[in-house]
Participant: 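Can you keep this structure in mind? I'll have questions shortly.
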Amino acid sequence: MPDKYLGRREQMFPRLSTAQLGRLEPAGRRRRVRAGEIVAEQGDATPSFFVVLSGALAIVHPDRDQEVPLHVLRQGEFNGEVNMLSARPSLVRTRAIEAGELLVINPEDLRKVVQSDAELSELLMRAFILRRVALIAGAFGDTVLIGSTHSAATLRIREFLTRNAQPHAYIDVDKDPGVQALLDRFGLHVTDVPVVICGQVRVLKNPANEELAECLGFNRVLDATAVRDLVVVGAGPAGLAAAVYGASEGLDVLVLESNAPGGQASFSSKIENYLGFPTGISGLALAGRAYTQAQKFGAEVAVARSAVKLRCEPPLHTVEMSAGGSVKARSLVIATGVQYRKLPLADLSRFEGLGIYYGATHMEAQLCEAEDVIIVGGANSAGQAAVFLGATARRVQILVRGPGLAETMSRYLIRRIEESRNITVRTLTQIVALEGEAHLERVQVRDARSDHTETLPIRHVFLMTGAIPNTEWLQGAVALDGKGFVKTGPELGREDLIGWPLPRAPFLLETSVPGVFAVGDVRAGSVKRVASAVGEGSICVQLVHRVLAE
């Protein structure tokens, strides 16, 4: 494992006590292994959990014809990381280097232990999370991305892998001198990038997210005949909260996420006003913890699964998916969130990923290091991006159409922006044109007060303007307001409830269809804050229970 994790070795690889082993023993079976035996191979679809009772296991990273040693497990130590809960393939190989005996527990029985034994849960979960973080930091796994900073698709794939916490090696054709040998090995040309190599053998040229998720074994095959207690569409903070509370209370929960857990919040470099995190937490880290927590309680999360249509035929609701197939549920939570409004600019789509970005993460920060950047928007997301990018960019300009930030941004962010030497705010100003060849090179901005237009040599623009709800798939299914947000509870008028079949009125977060709820940013009248979204997701589960009991 990377050296920076040496200080946490005892947490990453704890030794179970005799009492702890005794509590685990009933959940598994004993198995003898011989020296040299491969106990678990990289890529195994359903890896088992092993505790070493005697002998020793080596955790290694297969690298062509050699094995890179990561750790040796001895008596009382155990294997595994968060894939034990997610049912994703193993990222490492486990080989017995000494003959001995193991306690073997399948993932389902391990989840029961984690849910019922508080002490073991804390010990195992901490180790699993730290190990996955270390695998990501060391780029250990069986996934290689060959790409280019001049390719928008490369950025999309890197974001997909990163936001889904998938360890991978990234090779830039413009910077890595050894890339040609790798291209030749797989019969590729530089014009094929971006290319993803899965399992060290399968080659995907510019794969869609759905294809990539399938290749990496992110999802189990969904049973179209199964009827779930609850299907949550969207794995942002609201959707993950609903999944955690629903699964922890015994509901059969399935979450469908079109991209990766976290929603827009996962693009936030640091959230400092979320309760319980006084030093702040990145949106990606918060999403990762919530995602793991949902899986701990047994919620199934399917990524790269987009909803395209909702059919409500009481008492069941059916969600049709873009990749084909559908899922059925007794209750449904809509948590598809919003997306930033795209500016009406010529060539906008041509520069997306090539100078136009909708999130400020470490990847984007690397692309614009020591350069000038523009952020368009005046809400907290724009402020967080400005403070984050200001640490590495040469100069950050925030453009807002209004007269200032006070009405839309938290005071603590405004204060930091005011105190920063390389962040400036330009009010009543907006971008009117984009210029460049293969990459954004210049922007034209207009000052509404003077009507003066100037051209700036800007190669990186972050758009964080307004919010458009992701509700195209709900047209004709539930009542929406004039802006496309889902109407719920008190927001619903008489005209929305024509045909409402129940003697009671809709619950607080219930839509115009009984048993279908909406939470978070996608809901009309919601407060656009992470804490509010989490609160709505948790509250909603109580209403789901009432619907299921009807």
Side-chain angles (χ1 to χ4, degrees), residues 159 163 232-242 257-269 271 273-274 283-284 286-287 306-307 333-345 348-349 352 356-361 364 374-386 388 398-402 404-410 413-414 430-431 461-475 478-489 491 509 511 517-537 540:
E159 285 183 342
R163 292 177 64 199
V232 180
V233 184
L240 288 173
E257 168 54 44
S258 61
N259 194 339
Q264 271 195 321
S266 63
F267 286 108
S268 296
S269 54
I271 304 170
N273 58 353
Y274 188 71
L284 189 62
L286 182 65
S306 300
V333 171
I334 300 166
T336 43
V338 298
Q339 57 184 301
Y340 288 122
R341 182 177 290 107
K342 296 189 177 184
L343 299 181
L345 298 171
L348 178 68
S349 60
E352 289 178 329
I356 296 292
Y357 315 105
Y358 297 94
T361 68
E364 288 84 6
I374 282 178
I375 298 173
V376 181
N380 275 9
S381 55
Q384 291 163 352
F388 173 64
I398 303 175
L399 306 189
V400 290
R401 292 186 300 173
L405 300 174
E407 294 185 3
T408 55
M409 190 179 293
S410 295
L413 285 171
I414 295 175
Q430 57 186 315
I431 295 176
V461 173
F462 294 80
L463 300 182
M464 300 177 174
T465 55
I468 299 176
N470 295 313
T471 53
E472 299 89 347
W473 64 288
L474 294 172
Q475 298 295 328
V478 298
L480 307 176
D481 70 7
K483 295 182 179 180
F485 290 89
V486 182
K487 300 172 75 172
T488 61
E491 298 282 338
L509 302 173
T511 70
F517 300 84
V519 295
D521 291 356
V522 76
R523 189 179 68 82
S526 67
V527 178
K528 305 300 187 280
R529 289 287 188 270
V530 173
S532 174
V534 171
E536 290 188 12
C540 185

Participant: Would you call Leu348 and Leu463 a side-chain contact if the rule is heavy atoms closer than 4.5 Å?
Facilitator: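 Yes. Closest side-chain heavy atoms under 4.5 Å.
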Participant: Keeping to residues at least two apart or across chains, list the side chain to side chain donor-acceptor pair (under 3.5 Å) pairs with something in residues 333-344.
Facilitator: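 Side chain to side chain donor-acceptor pair (under 3.5 Å) check on residues 333-344 returns Gln339-Asn470, Tyr340-Ser381, Lys342-Glu352.
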Participant: For Ala307 versus Val233, what's the shortest heavy-atom pair and its separation?
Facilitator: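 That closest heavy-atom pairing would be CB-CG1, 3.8 Å.
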Participant: Are Ser410 and Arg529 close enough that some pair of their side-chain heavy atoms sits under 4.5 Å apart?
Facilitator: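 Answer yes - side chains close enough.
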Participant: Determine the minimum heavy-atom distance between Pro237 and Gly262, stating which atoms define it.
Facilitator: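 Nearest pair, atom of Pro237 first, then Gly262: CD-O, 3.5 Å.
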Participant: Taking only residues two or more places apart in sequence or in another chain, which ones pass side-chain hydrogen bond (donor to acceptor under 3.5 Å, both in side chains) with Arg163?
Facilitator: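 For Arg163, the residues satisfying side-chain hydrogen bond (donor to acceptor under 3.5 Å, both in side chains) (neighbours in sequence not counted) are Ser266.
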Participant: Could you list the residues that satisfy side-chain hydrogen bond (donor to acceptor under 3.5 Å, both in side chains) with Thr408, not counting sequence neighbours?
Facilitator: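 Result, side-chain hydrogen bond (donor to acceptor under 3.5 Å, both in side chains) vs Thr408: none returned.
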Participant: Is the backbone of Gly484 close enough, under 3.5 Å, to the side chain of Thr471 for a donor and an acceptor to pair up by distance?
Facilitator: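 Side chain of Thr471 to backbone of Gly484, a donor-acceptor pair under 3.5 Å: yes, one is there.
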Participant: Identify the heavy atoms of Thr488 and Ala518 that sit nearest to each other, and give their distance.
Facilitator: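 Nearest heavy atoms, Thr488 then Ala518: CG2-CB, 3.7 Å.
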Participant: Less than 4.5 Å apart, any side-chain heavy atom of Val376 and any of Gln430?
Facilitator: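 Answer no - side chains too far apart.
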Participant: For Asp481, is there any backbone N or O sitting under 3.5 Å from a side-chain donor or acceptor partner on Lys483?
Facilitator: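 Pair absent, no side-chain N/O of Lys483 close to backbone of Asp481.
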Participant: Which heavy atom of Ala242 sits nearest a heavy atom of Val232, and at what distance?
Facilitator: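 Closest approach of Ala242 to Val232, heavy atoms only: CB-CG2, 4.3 Å.
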Participant: Rounded at 0.5 Å granularity, tell me how far CZ in Phe485 sits from CD in Glu491.
Facilitator: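 Rounded to the nearest 0.5 Å, the CZ-CD separation comes to 11.5 Å.
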Participant: Using the test salt bridge (Lys or Arg N to Asp or Glu O under 4.0 Å), find all partners of Glu257 that sit at least two apart in sequence or belong to another chain.
Facilitator: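 With neighbours one apart ignored, the set is empty.
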Participant: Grab the two heavy atoms, one from Ala335 and one from Val522, that are nearest each other, plus how far apart they are.
Facilitator: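 Ala335 and Val522 have their closest heavy atoms at CA-CG1, 4.4 Å.
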Participant: Which value, rounded to the nearest 0.5 Å, describes the distance between Ile374 atom CD1 and Ile431 atom CD1?
Facilitator: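 Here the rounded value is 5.0 Å.
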Participant: Among residues at least two apart in sequence or on other chains, which ones pass side-chain hydrogen bond (donor to acceptor under 3.5 Å, both in side chains) with Thr361?
Facilitator: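 Result, side-chain hydrogen bond (donor to acceptor under 3.5 Å, both in side chains) vs Thr361: Glu364.
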Participant: Might you point out which heavy atoms bring Ala385 and Ile375 nearest each other, and give the distance in Å?
Facilitator: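 Looks like C-CD1, 3.7 Å.
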Participant: Could you list the residues that satisfy side-chain hydrogen bond (donor to acceptor under 3.5 Å, both in side chains) with Ser269, not counting sequence neighbours?
Facilitator: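 Residues passing side-chain hydrogen bond (donor to acceptor under 3.5 Å, both in side chains) with Ser269: none at all.
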Participant: To the nearest 0.5 Å, tell me how far Asp521 CG sits from Ile468 CD1.
Facilitator: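 Those atoms lie 13.5 Å apart.
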Participant: State, with a plain yes or no, whether a side-chain heavy atom of Thr511 is found less than 4.5 Å away from one of Arg523.
Facilitator: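 When only atoms from C-beta onward are counted, Arg523 and Thr511 do not touch, as no gap falls below 4.5 Å.
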Participant: Hey, could you give me the CG/CG distance between Leu405 and Leu413, rounded to the nearest 0.5 Å?
Facilitator: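 Output value for this atom pair is 9.5 Å.
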Participant: Does any part of the side chain of Val519, heavy atoms only, come nearer than 4.5 Å to the side chain of Ile334, both counted from C-beta?
Facilitator: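 Not in contact.
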Participant: Output the distance between atom OH (Tyr358) and atom CD (Glu159), rounded to the nearest 0.5 Å.
Facilitator: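 Tyr358 OH to Glu159 CD: 12.0 Å, rounded to 0.5 Å.
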Participant: Between atom OG of Ser268 and atom OH of Tyr274, what is the distance when rounded to the nearest 0.5 Å?
Facilitator: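 Interatomic distance, Ser268 OG to Tyr274 OH, rounded to 0.5 Å: 12.5 Å.
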